[in-house]
2 protein chains.
Amino acid sequence: MSDALSRFRDSWAHLRPDLDLSSMEAIGRVLRLAALMHHITDTALTDAEVTRPEFEVLAALRRSPHGLRPRQLTRETVSSSAATTKRLTRLEQAGLITRTPHHRDRREIQVTLTDRGAQLAEELFTGQLQRESELLTPLDPDERAQLAHLLQRVLTPIDRA
Amino acid sequence: MSDALSRFRDSWAHLRPDLDLSSMEAIGRVLRLAALMHHITDTALTDAEVTRPEFEVLAALRRSPHGLRPRQLTRETVSSSAATTKRLTRLEQAGLITRTPHHRDRREIQVTLTDRGAQLAEELFTGQLQRESELLTPLDPDERAQLAHLLQRVLTPIDRA
DNA sequence: CTACAATAATTTACTTGTGAACTACTTGTG
DNA sequence: CACAAGTAGTTCACAAGTAAATTATTGTAG
């Protein structure tokens with residue numbers, strides 16, 4: 001009946017009855033579920049051609065019809081620009097993306113998937129979808145939609161910033 | 001009205017109408033919200049005595065009355081045992097925890113907080129609570145409880161394993 | 001024009017995390 | 001009781017991440 005966070009909440013409630021713990025039950029579970037999902041994905045990709053963060057780059061590119069610039073990729077993957085450069089260098093050497101300098105503003109470069117990169121992105125994405133829906137089996141379709149909607153309400157103001 | 005994941009879903013729906021994308025809206029947002037929360041916490045802790053992963057160790061110890069063994073800490077923080085050893089070494093040198101060998105089974109060691117460690121854990125935890133509740137301002141108390149409950153339903157079977 | 005701020009991507013120096021040995025100890029089995 | 005198998009924690013070699021400096025380019029104010 002109870003998960004790790006229920007126990008955490010009880011412990012803190014006993015320790016510090018003065019604190020308002022209502023938010024930790026939701027956010028704490030978000031953090032924990034994300035960590036577990038990352039773990040699941042990492043092990044699923046151990047023998048894959050790319051790592052999870054590299055896959056996230058490929059996926060971001062696949063869903064963007066005209067490719068993306070590195071700056072946009074760092075924002076979409078919520079990481080540092082240095083990490084993006086490293087991943088792009090690696091993915092370029094693997095023949096999964098191409099970097100072409102922008103002719104209008106030569107500070108910018110355009111990153112696009114190669115055919116092989118696009119194919120791999122879709123292949124790994126379907127696997128990802130499968131793992132995600134497996135995780136959600138305790139919820140019926142209506143509850144999944146509820147969960148998605150509540151999280152959207154939380155994320156909308158942040159994603160705009 | 002729409003966040004990043006709504007756009008992601010639309011792009012994939014256009015690209016691959018054959019796939020069932022219902023689970024990505026919930027899990028994708030969980031992953032994204034966790035990444036953003038980590039970012040927020042990291043910047044909040046830049047001038048703190050410990051990093052975010054180190055804080056997670058302190059928090060886990062604070063809510064466990066008798067301390068924990070490294071193995072349990074790696075499970076609670078969802079990371080590798082090597083990472084735990086490094087963090088414990090660092091926290092011990094900083095005078096925030098102590099490692100005492102178990103006399104019954106000398107393979108095991110017991111990790112406990114020092115007084116200063118316990119105080120720091122609580123101090124940082126209240127800050128964490130504040131940031132978390134700030135993130136949830138778009139939801140009213142009833143909706144927060146709904147969100148927490150849905151996530152609990154998802155996590156309960158996984159946390160048992 | 002020139003100089004100077006702003007922006008994009010990368011490089012550098014360093015920190016942190018990981019999987020795979022390795023050490024130390026305990027337990028179960030013949 | 002010996003000894004193979006199992007378990008806990010650590011170490012090691014390396015991979016991946018970051019902040020801050022660097023390079024290259026564009027916009028803008030005088």
Side-chain angles (χ1 to χ4, degrees), chain A residues 34-36 38-58 60-61 67-94 97-112, chain B residues 34-36 38-58 60-61 67-94 97-112:
Chain A
L36 292 166
H38 280 165
H39 193 256
I40 291 170
T41 307
D42 285 338
T43 58
L45 294 184
T46 36
D47 295 327
E49 198 177 348
V50 294
T51 63
R52 175 173 51 79
E54 285 164 359
F55 161 56
E56 277 168 32
V57 170
L58 294 184
L61 290 170
L68 290 171
R69 291 177 296 120
R71 201 87 213 25
Q72 302 173 302
L73 280 168
T74 69
R75 233 180 310 133
E76 296 231 347
T77 59
V78 195
S79 57
S80 69
S81 57
T84 300
T85 297
K86 278 196 176 178
R87 288 169 195 160
L88 292 179
T89 305
R90 162 85 180 62
L91 291 170
E92 189 176 39
Q93 279 166 356
I97 62 149
T98 56
R99 293 199 257 202
T100 54
H102 201 282
H103 51 291
R104 189 153 191 83
D105 184 340
R106 283 186 303 175
R107 287 170 302 186
E108 304 181 1
I109 70 167
Q110 195 71 6
V111 182
T112 51
Chain B
L36 292 166
H38 280 163
H39 193 257
I40 290 169
T41 307
D42 285 337
T43 57
L45 295 183
T46 36
D47 295 327
E49 197 177 348
V50 293
T51 63
R52 176 173 52 78
E54 284 164 359
F55 161 56
E56 277 167 32
V57 170
L58 295 184
L61 290 170
L68 291 171
R69 291 178 296 121
R71 200 87 213 21
Q72 303 172 302
L73 280 168
T74 69
R75 232 180 311 134
E76 295 231 347
T77 59
V78 195
S79 57
S80 70
S81 57
T84 300
T85 297
K86 280 197 177 178
R87 289 169 194 160
L88 291 179
T89 305
R90 162 84 180 64
L91 291 170
E92 190 176 39
Q93 279 167 354
I97 61 149
T98 57
R99 293 199 257 204
T100 55
H102 202 282
H103 50 291
R104 188 155 192 81
D105 183 340
R106 282 186 302 174
R107 288 171 302 187
E108 304 180 1
I109 70 168
Q110 196 72 4
V111 182
T112 51

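In what follows, chains are A, B, ... by sequence order, proteins preceding strands, each numbered from 1.
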Taking the side chain as C-beta and beyond, is there a heavy-atom pair between A:Leu68 and A:Val111 under 4.5 Å? no
Phosphate OP1/OP2 of [N] contacted by [X] side-chain N/O (<4.0 Å):
{"X": "B:Arg52", "N": "C:dT16", "value": "no"}
{"X": "B:Arg87", "N": "C:dG17", "value": "yes"}
{"X": "A:Arg107", "N": "D:dT23", "value": "no"}

Provide, to the nearest angstrom, the distance between the [atom1] atom belonging to [X] and the [atom2] atom belonging to [N].
{"X": "B:His38", "N": "C:dG17", "atom1": "NE2", "atom2": "C1'", "answer": "14 Å"}
{"X": "A:Arg69", "N": "D:dT26", "atom1": "CZ", "atom2": "P", "answer": "14 Å"}
{"X": "B:His102", "N": "C:dT26", "atom1": "NE2", "atom2": "C1'", "answer": "13 Å"}
{"X": "B:Glu54", "N": "C:dT16", "atom1": "CD", "atom2": "P", "answer": "7 Å"}
{"X": "B:Lys86", "N": "D:dA16", "atom1": "NZ", "atom2": "P", "answer": "15 Å"}
{"X": "B:Leu45", "N": "D:dA19", "atom1": "CG", "atom2": "P", "answer": "13 Å"}
{"X": "A:His39", "N": "C:dT18", "atom1": "NE2", "atom2": "C1'", "answer": "11 Å"}
{"X": "B:Asp42", "N": "D:dG17", "atom1": "CG", "atom2": "P", "answer": "14 Å"}

Quick check on B:His102: does its NE2 atom have over 12 non-hydrogen neighbours (other residues, nucleotides or ligands) under 6.0 Å away? yes
The side chain of [X] lies closest to which of these nucleotides: [options]?
{"X": "B:Thr85", "options": "D:dA16, D:dG9, C:dT18", "answer": "D:dG9"}
{"X": "A:Ala83", "options": "C:dT18, C:dT26, D:dT18", "answer": "D:dT18"}
{"X": "A:Pro70", "options": "C:dT26, C:dT16, C:dA9", "answer": "C:dA9"}
{"X": "B:Pro53", "options": "C:dA9, D:dT10, C:dG17", "answer": "C:dG17"}
{"X": "A:Glu108", "options": "C:dA9, C:dT16, D:dT26", "answer": "C:dA9"}
{"X": "A:Ile109", "options": "C:dA9, D:dT10, D:dG9", "answer": "C:dA9"}

Given that A:Ser80 and A:Arg104 both sit by DNA chain D, which one's nearest nucleotide is further toward the 5' end? A:Ser80
Return whichever of B:Arg99 or A:His103 has its heavy-atom-nearest nucleotide of DNA chain D closer to the 5' end. B:Arg99
Under a 3.5 Å distance rule, please check whether B:Glu76 uses its side chain to pair with a backbone N or O of B:Leu73 as donor and acceptor. no
So which nucleotide does C:dG30 pair with, by the Watson-Crick or G-U wobble rule with both distances under 3.5 Å? D:dC1
Between A:Glu54 and the options A:Arg90, A:Lys86, A:Arg87, the salt bridge (charged side-chain N to carboxylate O under 4.0 Å, His left out) test singles out A:Arg90
Which distance, rounded to the nearest 0.5 Å, do you find between the OG1 of B:Thr43 and the NE2 of B:His38? 12.5 Å
